[in-house]
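Please read the structure below before turning to the comments.
Computed from a predicted structure; not experimentally measured. As a basis for the values below, the full set of heavy atoms in this structure was taken, side chains included, without hydrogen atoms, waters or symmetry mates.
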Amino acid sequence: MLNKKNKYNLILGGIILIFPIIFLWIIEFYHHLLNWQETTSFFSQHFSYSLFSYLVILVLTLFVISLIGDVIIGESISAILIIGISFASSQKMIARNTPLYPEEITMISELKLLITMIDFNSFILLVGVIILILGVSIAVSIFIKKKLKLEKNRKVSWSIRLVTLLVSSLLLYGFSFSGNSTSTAAKFGGLFDINMAGSEWNQLAFYNEYGFVIGFLYNFTSDAMKQPDGYSQAEVTRIIDKYTKLAEIENATRTPIEDVNIIYIMNESFTNPIKLQDVYPLSEDPIPYTNQLLGEYTSGQTLVPDYGGGTANMEFEALTGFSNYYLSVIPYQFIIPKMNEYPSIVSYLNNQGYETTAIHPYDGRMYKRETVYDRLGFKTFIDETTLHYRHAYGSSGYSDVTAYNEAYDQLVSSNQN
């Protein structure tokens, strides 16, 4: 017969091992937008990926438990953490069909703004579930301890907690390098048939294939891009020399353009409805003035890889001329901040004597723009904290009027191009 202490330890051991399975199911259920069939299909088809994800969540829960010092409350806090991240990712999937990335966790500082972007009833339900989990866990923990009347050995308890905390911390730190192909974590992942090279460029397909946990882990630290065959400083220098000579030939017969201001506007929501006449017939031109300008002056069209989102990636391509196609990370997050400077049209125009200013009528911390714009060469960065115009659009946010008035003031207040 098991005594009370052994029964208690057996129950706690079962909770520690079983709850991560429930957490993993919750994560994937939310990732597949509460689709039961797709969720069960993922687990049935990807057992090895699921096992790896289970181990990661198990280590995470052990870390929380050892930090809190109580299994039931520790698992409850883990549940709240898991549900919160899963809910946030599902809301992003609904809004943009893109999963949550690690760096976006920092957006928790903008909780008041984020709440306005999600379904209010869903958010209230989420808060209610969190309060219920905490209440039940505290009540159950107190009940079990009083019912069994166990006296803990404090020395053993603290020593076990300390060892568990140390080991789980080291394991979590190691797991965060899973995206680095040369890391021990990546090699460990190989034992579970995880081979992420070449598939990470499409993040949604990547998360769907390997599951949310692995996809999320990969984006902590990953190889920016695979080194191409034949890559060397000598080869890069050869290419530079080749195109420098071609540019000299082309420019020999051209007249330099002087005294020209350049305004670059990136607008995620503006398009020409006339182009969709076959789908949505129009009785009149909805943007006559814009189309008039396009007809009277030099104009053209461009094909964009993203719309209504992916702003930082579009900015990177527009300002540098480099494609994101070969990258497996968001350059604004993982590449540019690590460099003292990064070649761009901004740095080029600085060398031509231009005054370079970036205007972003929103939080300048998003996608690390405060750091990125400096590395790209912008001498001045104006964000929502330094804007002179604050024309609210609707109940929150800033309008195009804000940015355009700010840009106009910059033009008329300086004698520099």
Side-chain angles (χ1 to χ4, degrees), residues 20 23-24 26-28 30-31 49 52-61 63-64 67 77-111 113-114 117-118 168-186 188-189 194 196-197 199-225 309-313 316 324 327-338 363 365-372:
F23 295 158
L24 180 58
I26 290 172
I27 290 172
E28 290 303 327
Y30 267 105
H31 176 67
Y49 305 156
F52 180 88
S53 299
Y54 166 79
L55 293 176
V56 173
I57 297 175
L58 176 61
V59 172
L60 175 63
T61 56
F63 171 79
V64 175
L67 201 61
I77 291 175
S78 298
I80 292 169
L81 179 65
I82 294 294
I83 292 172
I85 291 176
S86 301
F87 178 77
S89 185
S90 69
Q91 290 298 304
K92 188 185 175 190
M93 285 283 291
I94 292 169
R96 292 197 34 206
N97 200 33
T98 305
L100 192 72
Y101 304 135
E103 67 272 6
E104 292 170 330
I105 297 297
T106 58
M107 285 294 290
I108 193 68
S109 61
E110 298 289 328
L111 184 61
L113 172 66
L114 294 175
M117 299 180 180
I118 63 178
S168 60
S169 298
L170 290 173
L171 288 174
L172 286 176
Y173 179 74
F175 277 133
S176 70
F177 289 91
S178 296
N180 189 324
S181 59
T182 60
S183 68
T184 303
F188 178 69
I194 300 173
M196 295 180 272
S199 61
E200 66 282 350
W201 65 273
N202 185 333
Q203 287 287 351
L204 180 57
F206 182 56
Y207 274 66
N208 288 340
E209 173 68 19
Y210 291 100
F212 180 89
V213 174
I214 295 175
F216 193 79
L217 264 183
Y218 180 88
N219 280 284
F220 267 103
T221 55
S222 60
D223 302 322
M225 66 180 292
T311 318
N313 287 335
F316 173 75
N324 282 294
L327 296 177
S328 57
V329 297
I330 299 173
Y332 268 30
Q333 295 284 351
F334 294 101
I335 298 177
I336 300 178
K338 297 178 182 178
D363 190 340
R365 295 170 299 175
M366 288 186 66
Y367 288 109
K368 300 184 178 179
R369 283 187 175 90
E370 289 178 329
T371 301
V372 169

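The line from CZ of Phe316 to CD1 of Ile330 is 12.0 Å long, rounded to the nearest 0.5 Å. The line from CD1 of Ile85 to CD1 of Ile26 is 12.5 Å long, rounded to the nearest 0.5 Å. Separation of atoms CG (Leu217) and CG (Leu172) is listed at 9.0 Å; rounding is to 0.5 Å. Ser169 OG to Leu67 CG: the interatomic distance, rounded to the nearest 0.5 Å, is 8.0 Å.
Using a 4.5 Å heavy-atom threshold, the side chains of Ile27 and Val213 count as touching. No side-chain heavy atom of Leu60 sits under 4.5 Å from any side-chain heavy atom of Ser78. Looking at heavy atoms from C-beta onward, Phe188 lies out of side-chain contact with Ile194 at the 4.5 angstrom threshold. You'll find the side chain of Ser89 stays beyond 4.5 Å of the side chain of Tyr30, heavy atoms only. Counting heavy atoms from C-beta on, the side chains of Val59 and Leu55 never come closer than 4.5 Å.
Closest approach of Ala185 to Ser178, counting heavy atoms only: CB-OG, 3.7 Å. The minimum heavy-atom distance between Pro337 and Lys368, with the atom names listed, is CG-CD, 3.9 Å. Here the closest heavy-atom approach between residue Leu204 and residue Met93 is recorded as CD1-CE, 3.6 Å. Of all the heavy atoms in Phe216 and Pro102, the pair that sits closest is O-CG, 3.2 Å.
Just one of Tyr207, Phe206, Tyr210, Tyr218 meets the ring-ring contact (aromatic ring centres under 6.0 Å, His included) condition when paired with Tyr49; it is Tyr210.
The ring pair (Phe, Tyr, Trp, His ring centres under 6.0 Å) search around Phe177 returns Tyr173, not counting sequence neighbours. Considering only residues two or more places apart in sequence or on other chains, Phe175 meets the ring pair (Phe, Tyr, Trp, His ring centres under 6.0 Å) condition with Phe52. When the side chain to side chain contact (heavy atoms under 4.5 Å, CB included) test is applied to Ile80, the partners found at least two apart in sequence or on another chain are Ile130, Ile133, Leu134.
With hydrogens and angles disregarded, a donor-acceptor distance shorter than 3.5 Å links the side chain of Ser86 to the backbone of Ile82. The closest donor-acceptor contact from the side chain of Asn219 to the backbone of Tyr101 lies at 3.5 Å or more, if one exists at all.
Taking the ring axis of Phe87 as reference, the NZ or CZ atom of Lys92 does not stay both within 45° of it and closer than 6.0 Å to the ring centre.
Between His31 and Phe212, the angle of the ring planes lies from 30° to 60°, which puts this pair in the tilted group.
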